[in-house]
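Notes for the one structure printed next.
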Amino acid sequence: MATAQSFRTHTCGELRPEHVGQRVTLAGWVHRRRDHGHLSFFDLRDRYGITQVVTSADEAPAAHQAAAESRNEWVIQVSGAVRHRPEGTTNVELPTGEVEVAVDELTVLNESKVPPFYVNEEQPGLEEALRLQYRYLDLRRPPMRERMLLRARLASAVRRELERDDFVEIETPLLIRSTPEGARDFVVPARLQPGNFYALPQSPQQLKQLLMVAGYDRYYQMAHCMRDEDSRKDRGPEFTQVDIEMSFVREEDVIATVEAMVIAVSREVVPDRPIQEAPFPRLTYEEALVRYGSDKPDLRFGMPLCDLREAVTNVEFRVFADALSGGGAVYAIRAPGCASYSRRQLDELTDLARRHGAGGLVHLSVEADGSLRGPAAKFLGGAEASVQAATGAEAGDLLLVVADSDRVAAATALGQLRLEMGDRLGLRDPSVLAYVWVHRFPMFKWDRDLGRWDATHNPFSAPVWEEAEQMEADPGSIHAQQYDLALNGWELGGGSIRIHRRDLLERAFALMGHTIAGMRDQFGALLDALEYGAPPHGGIAIGLERWCALLANQDNIREVTAFPKTQSGSDLMLSAPSPIDDQQLADLHLRVNLED
RNA sequence: GGACCCGUGGUGUAGCGGCCCAACAUGCCAGCCUGUCACGCUGGAGAUCGCCGGUUCGAAUCCGGUCGGGUCCGCCA
């Protein structure tokens with residue numbers, strides 16, 4: 001309950017029958033007015049709710065006159081007695097719906113222009129650009145307000161859980177050093193050091209590891225991070241991560257600690273959303289890839305990928321044979337009851353598969369007599385039965401098959417089709433929270449463009465200790481102590497046990513083509529620190545906006561961000577970015593070159 | 001860097017070569033209305049169809065470009 005103030009005695013979400021008879025003062029926005037001439041009703045709104053206030057020409061002529069002149073979104077202050085609404089006129093939709101305020105005094109605190117969109121109604125088709133331009137009005141709208149309050153409760157619950165568990169919040173700087181690893185940096189010119197630049201953090205990765213060396217063995221922070229990369233609905237140029245790091249822990253310990261926090265927070269913040277499975281299931285990266293075609297699988301539904309290698313091994317169909325002989329794979333999913341899909345629907349699915357890297361899509365309908373129908377059916381030779389056995393297909397089902405000489409490409413393309421079919425068949429229950437850990441990622445992947453091995457995740461991640469010796473001998477075979485947390489098909493966060501010994505970190509970096517001098521230059525502080533008693537440590541970072549969006553059942557992080565950027569990085573309200581004037585440029589020793 | 005979709009009174013939509021100096025709903029303004037809660041009734045104002053150029057006798061409608069927004073690939077953890 002908010003502290004009492006002189007402007008108001010109560011909020012607009014507060015009054016109940018127990019207040020009847022009291023004289024109260026409320027202040028808020030005119031949400032909607034219903035003017036009956038001699039009697040008028042106002043819904044008065046603030047962030048706590050809506051209360052109906054009434055003016056009457058007979059009882060309070062001056063207030064009634066002021067009410068008649070008031071308009072939506074004006075800010076007014078009203079005083080009067082709380083009374084029961086007459087029999088049969090209560091509003092069960094409103095928590096305050098049993099009472100109303102009989103206004104005897106109305107003060108207009110500020111007028112409002114007619115807003116560019118409805119503040120008092122949901123408007124599904126409303127142009128997002130307009131909402132962003134007038135974000136302060138958009139944020140007034142109850143659904144947006146609920147999401148902002150949910151986000152606040154989420155962050156608050158996270159803090160409470162972590163602090164209860166002895167974590168300390170430590171802020172790290174926003175002006176740090178640029179490193180070429182990872183995403184492109186946002187950069188800030190250093191006025192006092194002409195020609196030099198700070199970078200804004202992509203994450204406080206090195207700093208939190210240094211805090212471990214410093215002995216703050218349980219650190220967390222609501223860390224603002226910036227990455228100068230193209231936006232998506234689940235990522236923007238700036239975001240907040242729940243950044244966590246712990247010392248004297250193994251992978252088990254971090255997972256257990258974070259999982260307990262996530263469960264407690266979820267139950268507190270969205271008590272009506274069931275957690276599908278707790279303890280959270282754990283999949284290795286390999287299992288996730290092979291069963292769901294994703295390293296962030298949506299476990300709310302089944303429809304697993306089926307490996308058709310055995311089933312089609314003797315089939316002469318070129319698409320399959322080439323994929324298999326090329327070291328690839330043939331995977332299928334079974335879409336129950338979709339055998340009657342139209343040409344158009346199948347084309348859409350084929351297009352989706354292609355967009356996600358598949359060469360094409362083979363579709364087979366299971367006929368009533370058990371035979372398979374489809375353009376590729378005639379090439380299957382005698383393999384129909386084995387394909388059906390491998391997929392469990394029954395009459396009326398649709399089989400979607402992707403073959404590729406790159407097994408990861410085949411699986412991920414089909415993984416996208418799985419999600420699409422999950423949507424089309426309504427299998428992705430919007431109420432359920434299906435958290436899942438994915439771990440044991442390959443430590444390195446071969447980067448064809450760079451011609452060298454590169455870290456699959458964060459370059460500071462430790463290898464599985466028992467595998468570390470083979471690092472140089474067979475980089476592709478070893479795994480990182482890396483774990484991602486996924487929720488309903490989104491990557492919520494990721495972390496790892498870090499390398500805490502300098503020699504091992506140098507070996508890992510060397511493998512990725514770094515020279516000793518280059519390492520010293522970019523990561524000197526961390527390398528040095530590892531020589532001063534760095535404890536074994538590891539952590540995780542959870543994307544707050546993604547988590548919040550999922551808890552709010554939104555599929556876009558802008559819906560849980562107060563002032564988001566557009567896809568092209570603009571702030572439509574502030575008109576940022578913008579040019580700066582010549583004097584500012586001169587102070588920063590910068591010259592703008594807009595050629596090419 | 002690329003692909004696709006969207007852009008018509010304040011807002012959301014319809015119109016997709018002449019019947020459109022543009023229709024509907026809502027909002028807005030005015031009048032009436034003493035129990036409404038998307039109050040109701042009556043009347044009124046309001047857009048040259050994102051912008052530029054082209055095709056055509058004729059363009060909101062077709063074509064090209066451009067700007068803004070979105071989704072996706074690349075990128076990004």
Side-chain angles (χ1 to χ4, degrees), chain A residues 31-44 50-59 64 68 71-73 83-94 96-97 100 102 113-134 137 181-185 202-203 205 225-237 239 241 295-296 351-352 354-357 412-413 416 438 441 449 455-459 461 482-486 490-496 540-543 546 555-556 558 564-570 572 575:
Chain A
H31 187 67
R32 202 186 291 282
R33 42 195 297 279
R34 294 175 291 279
D35 186 346
H36 290 230
H38 286 274
L39 188 71
S40 76
F41 301 92
F42 277 41
D43 290 336
L44 194 63
I50 285 175
T51 298
Q52 175 167 286
V53 304
V54 192
T55 67
S56 156
D58 301 339
E59 293 169 29
H64 186 70
R71 292 292 179 268
N72 284 350
E73 299 310 313
R83 68 187 182 200
H84 273 290
R85 296 196 190 184
E87 193 73 32
T89 63
T90 60
N91 185 343
V92 294
E93 304 289 312
L94 290 179
T96 60
E100 63 190 10
K113 290 170 55 169
V114 175
F117 49 78
Y118 305 118
V119 174
N120 56 12
E121 274 179 39
E122 300 214 33
Q123 230 188 315
L126 177 56
E127 197 72 50
E128 193 179 355
L130 198 66
R131 296 172 56 199
L132 293 177
Q133 186 185 345
Y134 294 95
L137 297 180
E181 281 297 328
R184 188 179 295 112
D185 282 321
Q202 300 175 24
S203 83
Q205 181 63 33
C225 306
M226 299 80 176
R227 294 178 183 158
D228 188 5
E229 299 289 352
D230 290 3
S231 295
R232 290 286 187 280
K233 65 182 178 187
D234 65 348
R235 64 176 213 243
F239 56 99
Q241 59 186 37
D295 59 2
K296 44 179 190 285
D351 185 54
L352 181 73
R354 288 220 171 91
R355 273 209 317 277
H356 288 278
T412 49
Q416 291 295 329
V438 179
F441 285 81
D449 297 333
T456 306
H457 281 73
N458 171 328
S461 296
Q482 163 80 35
Y483 33 86
D484 281 2
L485 180 61
W490 282 30
E491 182 188 326
L492 258 203
S496 63
I540 194 169
I542 296 173
R546 286 184 185 177
D555 87 324
N556 192 317
R558 294 187 301 275
K565 303 276 186 285
T566 67
Q567 192 161 47
S568 59
S570 292
L572 297 178
S575 298

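Lettering follows sequence order; numbering is per chain, from 1.
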Query raised in the report: Which nucleotide in the list B:G68, B:C37, B:C75 gets nearest to the side chain of A:Asp230?
Result: B:C75
Query raised in the report: Below 4.0 angstrom, N of the basic side chain to O of the carboxylate: do A:Asp230 and A:Arg235 qualify?
Result: no
Query raised in the report: Does the pair A:Asp555 and A:Lys233 meet the rule for a side-chain contact (heavy atoms from CB on, under 4.5 Å), with working shown?
Result: CA-CA 7 Å; A:Asp555 87 324; A:Lys233 65 182 178 187; 3.3 Å; yes
Query raised in the report: Residues two or more places apart in sequence or in another chain: which of them pass side-chain contact (heavy atoms from CB on, under 4.5 Å) with A:Gln202?
Result: A:Ala183, A:Asp185, A:Arg227
Please identify each residue that fulfils side chain to side chain donor-acceptor pair (under 3.5 Å) with [X], with sequence neighbours left out.
X        : answer
A:Arg83  : A:Glu100
A:Asp234 : none
A:His356 : none

Query raised in the report: In terms of the nearest nucleotide of RNA chain B, which residue is placed more toward the 5' end: A:Phe441 or A:Ser568?
Result: A:Ser568
Report summary line: Ranking A:Phe41 and A:Gly494 by the position along RNA chain B of their nearest nucleotide, the one closer to 5' is A:Phe41
Could you go through nucleotides 43-48 of chain B and list every protein N or O atom that sits under 3.5 Å from one of its N or O atoms, giving the distance for each pair?
none

Scan nucleotides 24-26 of chain B against the protein and return all N/O pairs shorter than 3.5 Å with their distances rounded to 0.1 Å.
from: B:U26; atom 1: O2'; to: A:Tyr118; atom 2: OH; distance (Å): 2.7
from: B:U26; atom 1: O2; to: A:Tyr118; atom 2: OH; distance (Å): 2.9

Base, sugar-phosphate, or nothing: which does [X] touch, judged by heavy atoms less than 4.0 Å apart?
X        : value
A:Arg558 : sugar-phosphate
A:Gly182 : sugar-phosphate
A:Glu127 : sugar-phosphate

Report summary line: Taken to the nearest whole Å, CD/A:Gln416 to C1'/B:C73 is 11 Å
Query raised in the report: Taking atom types as they are modelled, is there a donor-acceptor pair under 3.5 Å from the base of B:C75 to the side chain of A:Arg227?
Result: no
Query raised in the report: Does any donor-acceptor pair link the side chain of A:Arg32 with the base of B:C39 at a separation under 3.5 Å?
Result: no
Query raised in the report: For B:C29, does OP1 or OP2 lie under 4.0 Å from any side-chain N or O of A:Arg71?
Result: yes
